[in-house]
Amino acid sequence: MSRIAYVNGQYVRHADAAVHVEDRGYQFADGVYEVCEVWQNKIVDMPRHLDRLDRSLNELRIDWPMTRSAVEFVLREVTRRNRVRDGLVYVQVTRGVSRRDHFFPPEDVAPSIVVTARSTSPKAAEAQAEKGISVVTYPENRWPRVDIKTIALLPNVLAKQNAKENGGKEAWYLDADGNVTEGGSTNAWIVTKDGVLVTRPAESGILRGITRAVVLDLVQKEGLTFEERPFSLDEAREAREAFVTAASTLVMPVTRLDGKTIGNGHPGSVATRLRELFHTATDLRAV
Ligand code: PLP
């Protein structure tokens, strides 16, 4: 079975899927995106992801390429046509195709939309979660509007590549005050020595992760002690446990930071419990 992508109104073979060379996404990274998890034939938290897409589009003054319900339909359809039971569905919207010029294109230029989906291995993800991942710190290199989920990810690419070249799976950004902001493509959490769960407030320095929001709901439901506040690299080094969250990783324990073990070097009980409970707190829409 060949993979299918949706490109500006058409379902095409993934191998043939293409956008115009003057698409503003290609020329200027002038676009936004969302990634939803697909879990057991259901799209996870689609309404929350589309709310954030709406916000990102508004912040950049890009129109919806079609109605929100049409986007929902296409997300389901691309997932279904690719027979993705467990995996990810991706939507990208750019400011459209127009002669290369920094100014916004004429009003009649329609935004572009691309939707793709791919399967992932739940088994491989579980094996990774049982081991935990290593993170490598990196100085903050992004613009201040990290609250917008833009496709301009070059700083994140550099941070994550540096992590990879230093034996890590994820980068942890450090701001000028020596605080951890977030990961290259995840939000960052620690559990302090005293058992307090800490994550940075979403007001500045991070993307307001959907997975983060679900985990915060769970944390409250479970009655865990938590604080939304910045935490420093020193605190992270001393933490009992650490983990990251994203639609693509769910709750993923962090067991090494810059090559040194965190806690006892094994996934922590809080992260493991939150991972187990995760889908009980999500909105699930059948494909
Ligand atoms: N932070 C950054 C920089 C991200 O790119 C992502 C996801 O791609 C996240 C956090 C986690 O967001 P979500 O939980 O909505 O996937």
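All values below come from the heavy atoms of this structure, side chains included, with hydrogens, waters and symmetry mates left out. Order of listing sets the numbers, starting from 1, for every ligand and every atom in it. For clarity, every value in this text was computed on a predicted model and none was experimentally measured. When a residue number appears, it is its place in the shown sequence, counting from 1.
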* Only one of Val180, Asn166, Val254 forms a side chain to side chain contact (heavy atoms under 4.5 Å, CB included) with Val135, so which one is it? -> Val254
* Asked: Under the criterion side chain to side chain contact (heavy atoms under 4.5 Å, CB included), which of Val115, Val35, Thr116 is the partner of Val91?
  -> Val115
Heavy-atom contacts with [X] under 4.0 Å: which atoms of ligand 1 show up? List them by number with element.
X: Gly184; result: 3 (C)
X: Asn187; result: 10 (C), 11 (C)
X: Ala247; result: 13 (P), 14 (O), 16 (O)
X: Ala246; result: 11 (C), 14 (O), 16 (O)
X: Tyr33; result: 5 (O), 8 (O)

Considering only NZ, NE, NH1 and NH2 on the basic side and carboxylate oxygens on the acidic side, decide whether [X] and [Y] come within less than 4.0 Å.
X: Arg275; Y: Glu126; result: yes
X: Arg48; Y: Asp217; result: yes
X: Lys160; Y: Glu170; result: yes
X: Lys149; Y: Glu34; result: no
X: Glu238; Y: Lys193; result: yes

* Hey, is Thr186 touching ligand 1 through its side chain, its backbone, both or neither, going by heavy atoms under 4.0 Å? -> backbone
* Using a 4.0 Å heavy-atom threshold (strictly under), name the region of Tyr173 that reaches ligand 1: side chain, backbone, both or neither. => neither
Among all protein heavy atoms in this structure, tell me which lies nearest to [atom], with the distance rounded to 0.1 Å.
atom: atom 13 (P) of ligand 1; value: Ile210 N, 3.6 Å
atom: atom 6 (C) of ligand 1; value: Ser185 O, 3.3 Å
atom: atom 12 (O) of ligand 1; value: Gly209 CA, 3.5 Å
atom: atom 14 (O) of ligand 1; value: Thr211 OG1, 2.6 Å
atom: atom 1 (N) of ligand 1; value: Glu182 OE1, 2.6 Å

* At a 4.0 Å cut-off, with the gap strictly under it, does some heavy atom of Ala213 reach an atom of ligand 1? -> no
* Structure fact -> When rounded to the nearest 0.5 Å, the distance separating CD of Glu241 from OG1 of Thr192 is 10.0 Å
* Nearest non-hydrogen atom to atom 7 (C) of ligand 1 belongs to which of Lys149, Arg52, Glu34? -> Lys149
* **Check: Val74 and Met66 side chains under 4.5 Å, non-hydrogen atoms** => yes
